[in-house]
**Q** 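Submitted below is the structure of interest, expressed as structure tokens.
Note: hydrogens, waters and symmetry copies are ignored here, and every other heavy atom, side chains too, is used.
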Amino acid sequence: MKVTLIAAALTGLTLTSAAFAGATGIDGVIGADWTGITPVRVNYDASAPTSNFGSPGSTSNVTGYNVYTRGDASYFYVGLQADSTTTGLDFANLYFSNGYGGNPATTSGIGFEVNNSRAFKPGVGGYYPYTTASSGIEFAVVPGTIEAAFPYTVFTANTVGVAAFTNTTDFIRLSLSQSFGYSVAGGTPSYGFERLGLLNLPEPTAAGLLAMLPVLALRRRKAC
């Protein structure tokens, strides 16, 4: 029985070994790694409002762009591709809602100035700088395209140390995007519950299975 339990755990370990891999495809290209992902559209409107955090819409006053989201065993990926590569505004401020108990937070729980490598609590002053080495967050920027990868631990364990952040337990949602300009896209009226992209957290990873092995063996010995 002990062998069966450990073998089962090791099988899970094999299936989730990608949890220890680095972020994939962060090269500033919306390429094959985004195959099959249908983007959310932000349309161009020269009269779109700016800094409209209280009433985010579905338009930008600088350029239209597509928002791609996907996930693997360890990362939440965001890809942003603008219609124009000549705006000179290749930056992204991304706001995420944390989910717990099957419900999202009513407001964004954490934000990132991607190009500046710093996080913040929306609506609260102060910034929390990070590095790839300290946080695992990666990004790439080329004219008209931005890609970023956020480890789930940023949301589940607040590894960037943002004050007053409530850890995510169920899902992560990209709620707002202020990218390629200062118009704010997102919000439920424009895009519905999933907003710009929602991912359920994956099942426990290989690290958790490894931690379980000694416990499984001990339980079996006690049963004998």
**Q** Taking all atoms of both residues into account, what is the closest heavy-atom pair of Ala119 and Val160, and its distance?
**A** CB-CG2, 4.0 Å
**Q** For the atom pair OG1 (Thr145) and OH (Tyr65), what is the distance rounded to the nearest 0.5 Å?
**A**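 The OG1 atom of Thr145 sits 13.0 Å away from the OH atom of Tyr65.
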**Q** Would you find a donor on one side and an acceptor on the other, under 3.5 Å apart, between the side chain of Gln178 and the backbone of Tyr182?
**A** yes
**Q** In Å, rounded to the nearest 0.5 Å, how long is the span from OH of Tyr128 to CD of Glu113?
**A**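 If I round to the nearest 0.5 Å, the distance is 13.5 Å.
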**Q** Same cluster or not: are Ile146 and Val184 linked, directly or through other Ile, Leu, Val, Met, Phe, Trp or Tyr residues, by side-chain heavy atoms under 4.5 angstrom apart?
**A** no
**Q** Fit a plane to each ring of Trp34 and Tyr68, take the angle between them on a 0 to 90° scale, and name the class: parallel (under 30°), tilted (30 to 60°) or perpendicular (over 60°).
**A** tilted
**Q** Donor-acceptor pair, Tyr152 side chain versus Ala73 backbone, under 3.5 Å?
**A** no
**Q** What's the separation between atom OH in Tyr77 and atom CD1 in Ile37, rounded to the nearest 0.5 Å?
**A**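 Interatomic distance, Tyr77 OH to Ile37 CD1, rounded to 0.5 Å: 11.5 Å.
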**Q** Is a donor on one side and an acceptor on the other found under 3.5 Å between the side chain of Asn98 and the backbone of Thr168?
**A** no
**Q** Does the Asn115 side chain pair with the main chain of Asp90, one donor and one acceptor, at a distance under 3.5 Å?
**A** yes
**Q** Side-chain heavy atoms nearer than 4.5 Å, only ILVMFWY residues, links allowed to pass through others: does that put Ile137 and Val78 together?
**A**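 Yes.
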**Q** I want to check a possible cation-pi pair here: Arg173 against Phe193, using under 6.0 Å from ring centre and within 45° of the ring axis as the test.
**A**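 Here Arg173 passes the 6.0 Å and 45° test against Phe193.
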**Q** Counting only N and O atoms by type, is there a donor-acceptor contact under 3.5 Å from the side chain of Ser134 to the main-chain atoms of Thr131?
**A**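 Looks like yes, one N/O pair under 3.5 Å.
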**Q** Hey, mind stepping through Tyr95 and Ser177 against side chain to side chain contact (heavy atoms under 4.5 Å, CB included) and telling me if it holds?
**A** CA-CA 6 Å; Tyr95 294 68; Ser177 167; over 6 Å; no
**Q** For the residue pair Phe155 and Phe171, is the inter-centroid distance of their aromatic rings smaller than 6.0 Å?
**A** no
**Q** Tell me the closest heavy-atom pair linking Tyr191 and Arg41, and the distance in Å.
**A** OH-O, 2.8 Å
**Q** Enter the distance from Asn93:CG to Asn116:CG here, rounded to the nearest 0.5 Å.
**A**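 Result: 7.5 Å between the selected atoms.
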**Q** Just by modelled atom types, is the Thr156 backbone N or O under 3.5 Å from a matching donor or acceptor in the Thr153 side chain?
**A**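 It does not hold such a pair.
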**Q** Calculate, to the nearest 0.5 Å, the distance between atoms OG1 and CG belonging to Thr50 and Asn61 respectively.
**A** 6.0 Å
**Q** Is Ser108 reaching over with its side chain to a backbone N or O of Ile110, donor-acceptor style, under 3.5 angstrom?
**A**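 Checking the backbone N and O of Ile110 against the side chain of Ser108, no donor-acceptor pair under 3.5 Å is found.
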**Q** If you compare all heavy atoms of Ala140 against all heavy atoms of Gly28, which two are closest, and at what distance to 0.1 Å?
**A** CB-N, 3.4 Å
**Q** When rounded to the nearest 0.5 angstrom, what distance separates OG in Ser183 from CG in Asn52?
**A** 6.0 Å
**Q** Please check if atom CZ in Phe165 has more than 12 non-hydrogen atoms from other residues, nucleotides or ligands closer than 6.0 Å.
**A** yes
**Q** Closest approach of Leu174 and Arg195, non-hydrogen atoms and distance?
**A**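 Shortest heavy-atom contact: O-CB, 3.6 Å.
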**Q** Measure from the ring center of Phe120 to the ring center of Phe112 and say whether it is less than 6.0 Å.
**A**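 Phe120 vs Phe112: aromatic centres not under 6.0 Å.
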**Q** With a 6.0 Å cut-off on the ring centroids, do Phe96 and Phe150 count as close?
**A** yes
**Q** Assess the residue pair Val141 and Glu147 against the criterion (side chain to side chain contact (heavy atoms under 4.5 Å, CB included)); give the C-alpha distance rounded to whole Å, side-chain angles, the decisive distance to 0.1 Å, and a yes or no.
**A** CA-CA 7 Å; Val141 181; Glu147 287 187 300; over 6 Å; no
